[in-house]
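One structure is given here, and the rest of the page talks about it.
Values reported hereafter were calculated over all heavy atoms of this structure, with side chains retained and with hydrogens, waters and symmetry mates removed. If you're wondering where the values come from, they're calculated on a predicted model, not measured in any experiment.
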Amino acid sequence: MRKCFLFFKIFIQFFLYSSAFCNPFILKSIETKVSSNLNLDTQDIKNSSTSLTSSIKTDLNAFNFLAEYKIPSTTFTDTPELLFPNFVLSIPLKNFCNLPITIAGGGLSGSGSIAKLKSPTLSAPSTAFSSSLSSITNLNYKSSTPQKDFSPSLFLNFYPSFKNREFNFSLLMQKESFSFSAYSKFKIKKNVNMLLNTTGGFFTVKNQNSQWFSATKYFTERPTWAQNLQLMIDCSSFKSKNILTAYQNPYDYVQFTFLSENLFSIQNCSVILSFFYNPSLECFCINDSPLKNIFQLKINPSFCFYPQKYPCKIKTGISCFIQENLDKDLESDLIYKCIASFLLQTTDFKVELTLTAQDLKPLSYGSYKINIKQNRFYKNFQAQKAFAFSFSADNITSTTKFSYSLFFNRKMKTSINSSIGFSTKETVLSSIKASISSTIRFTIYKCPTTMSLGLSVPVL
């Protein structure tokens, strides 16, 4: 009797959720985007080029469909390269049968946690205001750029729901690779969360750019295996993310890399301490590039405070970065980089000063940057001005940008962006470039449309 009741309950639930499947072509929205860019060469009009990108995304009751087409940058005298359009079809089964499964197929490429398999290292700092750590993510997909040949892929995502725990399992099957990921998030205490993720798969790597006297050996395309294990502890004043990655070397032995990022924060003060270690000399990532970073260390303290008498924010920070690389002859090379930044921000004004020094050289060989932004908001109008100026011992670069946005109503927005900049090299004016772009966004009966046109002219 109990089994009959359970079967009847499942049947009724399936019938209720299958009503959406009975009308799979009920339209929710259609999003269209068209973008074109024109680069004019004032010295020789034949060298001018143009490009076009267009996409349409249809959201129906039972599935989503995306179509993209791209014409790469082509000069006026050349014939445009014909690329195959890219198509993506996504079917969320939860919409009509309450199954926590999403199926997607078409021209797909991996994103999310697989990025750490392509590049497991730390990124060199460009500012001293990195006061947060990126969270652990699961394997996901994105639409690949149109290519000459259409290569179909398949993506599966299973995400069951529990009371105090998140779980996600993904599979991505491509022409020459197979990747998977398992993700889980659960609470340890009231304000303490633990995130776990493992991402791996089978890929193909090659090193056909190696020369006869190169330190890295030449090998043709061959299958390989890679996997990482990610662990993150997230609480109010401390965050720690640790990633252990294993690569199968093309010479049939396994190599490991380790990355650790830690954030300590107390009120308005924060310190980020990160390091990366690679004990191997012949480690190849899944993007066919040899890993030449042996050791990396980054320390980034920052401080932020809000004056009581003035409605503004003041922030300062220092970022120190040390990296040990291997050159072409597998010899060690140390790189030092230090960045000091100062920020003053109000409701409609922002000033940022940045000083960069590299390789323990005197400050006269460093680079200096000044960024100034101003925003003005009106009833149906928004204006933004931005000025960027950087100079070093060898060159000077300056860029001025103006942005204007006009809101007709909630369903239509028009914006115009313009910029002009110049650069010098060894105290000689080397280039002047001006650009202008216009974007129109409007919505007609659940159909948002974006149209943009850009024009750039190198004056010198």
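When all heavy atoms are compared, the tightest approach of Gly110 to Gln174 is N-NE2, 4.3 Å. Closest approach of Thr199 to Leu117, counting heavy atoms only: O-CD1, 3.9 Å. For Glu68 against Ser143, the heavy-atom pair with the smallest separation is OE1-OG, 2.6 Å. A pairwise comparison of heavy atoms in Asn242 and Ser260 identifies OD1-OG, 2.8 Å as the closest pair. Looking at every heavy atom in both residues, Tyr247 comes nearest to Cys285 through CE2-CA, 4.0 Å. Considering all non-hydrogen atoms of both residues, Ser170 and Asn157 come closest at OG-OD1, 3.2 Å.
The aromatic rings of Tyr404 and Phe402 sit parallel to each other, their planes meeting at less than 30°, with 60° as the upper class boundary.
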Check step by step if side-chain contact (heavy atoms from CB on, under 4.5 Å) holds for Ile266 and Phe264. CA-CA 7 Å; Ile266 301 176; Phe264 306 89; over 6 Å; no
Would you check, one step at a time, whether the test side-chain contact (heavy atoms from CB on, under 4.5 Å) holds for Leu171 with Phe158? CA-CA 9 Å; Leu171 291 174; Phe158 177 61; over 6 Å; no
Trace of the side-chain contact (heavy atoms from CB on, under 4.5 Å) decision for Ser270 with Leu263: CA-CA 7 Å; Ser270 65; Leu263 170 64; 4.0 Å; yes
Before giving the answer on side-chain contact (heavy atoms from CB on, under 4.5 Å), spell out for Phe167 and Phe186 the whole-Å C-alpha distance, their side-chain angles and the decisive distance to 0.1 Å. CA-CA 9 Å; Phe167 182 78; Phe186 52 91; over 6 Å; no
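A ring-centre distance under 6.0 Å is not found for Tyr277 and Phe295. Ring-centre distance between Phe303 and Phe305: below the 6.0 Å cut-off.
Expressed to the nearest 0.5 Å, how far CD of Gln230 lies from OG1 of Thr245 amounts to 7.5 Å. Atom-to-atom distance recorded for Asn278:CG and Phe256:CZ is 12.0 Å, nearest 0.5 angstrom. Between atom CD1 of residue Ile372 and atom NZ of residue Lys350 there is a gap of 12.0 Å, rounded to the nearest 0.5 Å. Taken to the nearest 0.5 Å, the CG atom of Asn86 stands 12.5 Å off from the OH atom of Tyr69. To the nearest 0.5 Å, atoms CD1 (Ile71) and OG (Ser54) are separated by 7.5 Å. For the atom pair CG (Leu172) and CZ (Phe180), the distance works out to 12.5 Å, reported to the nearest 0.5 Å.
Asn138 pairs with exactly one of Ser184, Ser181, Ser113 by the side chain to side chain donor-acceptor pair (under 3.5 Å) rule, that one being Ser181.
Side-chain contact, Glu166 with Asn168: no donor N or O sits under 3.5 Å from an acceptor N or O. Side-chain contact annotation: Asn191 with Ser236, donor-acceptor N/O pair under 3.5 Å absent. For the residue pair Gln227 and Thr198, a side-chain donor N or O sits within less than 3.5 Å of a side-chain acceptor on the partner. A donor-acceptor contact closer than 3.5 angstrom is absent between the side chains of Ser265 and Lys239. A donor atom on one side chain and an acceptor atom on the other are not found under 3.5 Å apart for Ser35 and Asn37. Asn300 and Ser302 share no donor-acceptor pair across their side chains, judged by distance under 3.5 Å alone. Between Ser419 and Ser435, the side chains place a donor N or O and an acceptor N or O closer than 3.5 Å (distance only, hydrogens not considered). A donor and an acceptor atom, one from each side chain of Asn417 and Ser415, are nowhere located under 3.5 Å apart.
Between Val351 and Phe342, the closest side-chain pair of non-hydrogen atoms is not below 4.5 Å. Contact of the Lys413 side chain with the Ser405 side chain is registered, since non-hydrogen atoms from C-beta on lie closer than 4.5 Å. Contact of the Leu343 side chain with the Ser341 side chain is not registered, since no non-hydrogen atoms from C-beta on lie closer than 4.5 Å. The side-chain heavy atoms of Ser135 and Asp234, taken from C-beta on, include no pair separated by under 4.5 Å. A 4.5 Å side-chain heavy-atom check between Ser179 and Leu139 finds at least one atom pair inside the cut-off. Looking at Tyr183 and Leu195, their side chains come closer than 4.5 Å, going by heavy atoms from C-beta outward. Phe87 places a side-chain heavy atom less than 4.5 Å from the side chain of Phe65. In this structure the side chain of Arg376 reaches within 4.5 angstrom of the side chain of Asp348, judged on heavy atoms.
Counting non-hydrogen atoms of other residues, nucleotides and ligands closer than 6.0 Å to CZ of Phe202 gives a total of 12 or fewer. Atom NZ of Lys337 is surrounded by more than 12 heavy atoms from other residues, nucleotides or ligands within 6.0 Å. Heavy-atom contacts from other residues, nucleotides or ligands closer than 6.0 Å to NZ of Lys28 number more than 12. The number of heavy-atom neighbours closer than 6.0 Å to CE of Met173, taken from other residues, nucleotides and ligands shown, is above 12. The environment of Lys369 atom NZ is sparse: at most 12 non-hydrogen atoms of other residues, nucleotides or ligands sit within 6.0 angstrom. Summarising the local packing, CG of Leu196 is surrounded by more than 12 heavy atoms from other residues, nucleotides or ligands at distances under 6.0 Å.
With Thr121 contributing its side chain and Ser119 its backbone, the two residues share no donor-acceptor pair below 3.5 Å. In this structure, the side chain of Lys313 does not engage the main chain of Cys304 through any donor-acceptor pair within 3.5 Å. No donor-acceptor pair closer than 3.5 Å links the side chain of Glu261 to the backbone N or O of Ile272. The backbone N or O of Glu324 lies less than 3.5 Å from no partner atom in the side chain of Asp333, so there is not a single donor-acceptor pair. Side-chain N or O atoms of Ser36 include one that pairs as donor or acceptor with a backbone N or O of Ser51 at under 3.5 Å. Within the 3.5 Å criterion, the main-chain N or O of Ile233 finds no donor-acceptor partner in the side chain of Ser240.
Classification of Glu31 and Lys33 as a salt-bridged pair holds, one side-chain N sitting under 4.0 Å from a carboxylate O.
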